[in-house]
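Labels below follow one simple rule: chain letters A, B, ... track the order of the sequence lines, proteins then strands, and each chain is numbered from 1. No experiment lies behind these values; they were computed from the predicted model shown.
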2 protein chains.
Amino acid sequence: MNAVIDISKSLKRAREAKGLSQRTLADLSGVPQSHISKIESGGVDLRISSLVEIALALDMELKLVPRKGLSAVNSIIRSTQAKAQSKSMLDVMAKLQRAADQLNTALAGDRGVAQLRSRINELSRISLPPESEGKLKALAKQLQKLITGKTEVSSLQTVLEEVNRLRNEAVHQRDSEPEGRWRSAYSLDGDDDA
Amino acid sequence: MNAVIDISKSLKRAREAKGLSQRTLADLSGVPQSHISKIESGGVDLRISSLVEIALALDMELKLVPRKGLSAVNSIIRSTQAKAQSKSMLDVMAKLQRAADQLNTALAGDRGVAQLRSRINELSRISLPPESEGKLKALAKQLQKLITGKTEVSSLQTVLEEVNRLRNEAVHQRDSEPEGRWRSAYSLDGDDDA
DNA sequence: ATCAATGATCTACAATAATGCATCAAAAAA
DNA sequence: TTTTTTGATGCATTATTGTAGATCATTGAT
């Protein structure tokens with residue numbers, strides 16, 4: 001049942017994309033967490049009613065698509081998801097840049113901070129893969145801690161290293177991947193909510 | 001479970017559009033006829049695997065669509081179905097016209113046949129609703145019988161009355177329905193298979 | 001260090017899907 | 001007219017989902 005596995009994966013991906021835990025989704029959908037765990041792992045052959053409730057909670061809907069329309073539909077699904085992803089990524093990157101600016105102001109004259117800010121700006125001009133989003137979030141969080149003085153300035157070096165790592169990974173993947181889907185999605189500007 | 005009912009209806013509609021009986025679909029899909037009957041009437045809350053097998057046999061696929069992409073997807077589904085329908089309808093109408101031509105040649109000089117042919121040509125210029133397709137098919141079949149001499153020429157009158165009935169129904173529905181979805185679908189020309 | 005969150009796994013039970021026949025009533029075909 | 005086809009319904013049985021808890025192991029946060 002490849003199609004059943006595909007549906008399971010779609011559900012899991014959508015949940016993760018929304019940053020929901022299984023327990024939260026359980027509350028939203030009315031399907032118990034233990035069952036959601038089994039569903040996501042492809043361990044049960046779900047009934048339509050259960051699928052529809054979970055999908056609803058994930059802002060999705062179940063459709064039967066004629067084969068002839070399938071590629072067009074797949075393309076719409078992909079582009080809708082990419083849009084959501086790229087908006088989210090842009091938000092996180094903007095937050096990271098703001099944090100770097102704030103830190104630079106707070107620790108004016110610190111060469112490490114200036115370097116970090118410069119690197120972050122550089123990073124914002126590179127197309128990053130969707131999986132980087134979590135790491136960017138973590139970096140923003142760490143910068144917030146530096147701004148409020150909750151961590152030692154010595155951790156700046158760790159942050160800088162992580163930024164460099166992200167950059168190197170993106171550059172490396174860009175070299176070895178075909179010209180990028182996420183590049184064009186990431187470069188999409190504006191906010192064309194329908 | 002409105003969504004579940006919608007899925008059931010989609011399955012039934014698709015089956016009927018392909019002119020399959022439940023027993024034939026049962027053979028194609030591996031799901032027993034008695035179960036298909038229950039499914040189509042919304043009497044069971046189907047498992048994904050069963051749905052996928054039936055959909056496959058009906059040249060359809062199950063997709064999870066993000067809400068933001070839904071209207072675009074619905075529009076593709078509708079237009080794909082309308083294309084299939086209009087092509088099918090054009091085929092049947094062409095067959096009917098050919099049969100009328102053949103009959104006119106075979107029974108040259110018969111006033112009834114000439115009148116019938118004229119009426120059929122007139123009908124082909126009217127936008128007919130999708131549900132007329134079955135009746136058109138039946139008419140074409142009857143004309144074939146007249147050509148081969150398998151029925152009495154006296155049944156010409158019955159055929160003529162049916163053609164008139166179809167015409168009157170279409171005209172009547174056109175008057176009382178908003179300007180037509182099926183008009184534009186029917187008027188689609190060409191054969192733009194992707 | 002402890003506590004909280006997370007996903008995975010288990011249990012027992014009730015409800016229901018799914019299956020494979022058979023049959024019926026109505027409609028269609030011969 | 002009879003026969004065939006069609007969709008609906010019934011039956012008995014098996015397998016599975018779904019539920020509601022509880023708990024575990026791991027990870028992350030404090």
statement: What residues 34-42 of chain A contributes to the DNA chain D interface at heavy-atom separation below 4.0 Å is A:S34, A:H35

- prompt: Where does the chain A footprint on DNA chain C start and end, counting 5' to 3' with a 4.0 Å heavy-atom cut-off?
  reply: C:dT6 to C:dA17

task: Kindly indicate whether the side chain of B:L20, heavy atoms from C-beta on, has any atom under 4.5 Å from the side chain of B:L58.
output: yes

message: With no hydrogens and no angle check, just 3.5 Å: does a side-chain donor-acceptor pair link B:S34 and B:S37?
response: no

- prompt: Are any of the side-chain nitrogens in A:R119 or A:E122 under 4.0 Å away from the carboxylate oxygens of its partner?
  reply: yes

- prompt: Is the backbone N or O of B:I39 less than 3.5 Å from a side-chain atom of B:S8, with the two atoms forming a donor-acceptor pair by type?
  reply: yes

Test: A:E162 and A:R165 ion pair at under 4.0 Å: yes

field: Residues in contact with DNA chain C, drawn from residues 10-28 of chain A - heavy-atom cutoff 4.0 Å
entry: A:R15, A:S21, A:Q22, A:R23

query: Tell me: CG of A:D45 to P of D:dT17, nearest whole Å?
result: 6 Å

message: Does this structure show an ion pair linking B:D59 with A:R67, if we count only N-O contacts that are shorter than 4.0 Å?
response: yes

message: Nearest whole Å is fine: how far is D:dA15 P from A:R47 CZ?
response: 16 Å

query: Tell me: CD of B:Q33 to P of D:dA8, nearest whole Å?
result: 8 Å

- request: State, without any angle test, whether B:S124 and B:Q97 hold a side-chain donor-acceptor pair at a distance under 3.5 Å.
  value: yes

- request: Measure from the side-chain N and O atoms of A:N168 to the backbone N and O of A:N164, and report whether any donor-acceptor pair falls under 3.5 Å.
  value: yes

query: Charged N to carboxylate O below 4.0 Å: is that the case for A:E40 and A:K9?
result: no

query: Looking at B:N74, B:L62, B:I76, which hits side-chain contact (heavy atoms from CB on, under 4.5 Å) with A:K63?
result: B:N74

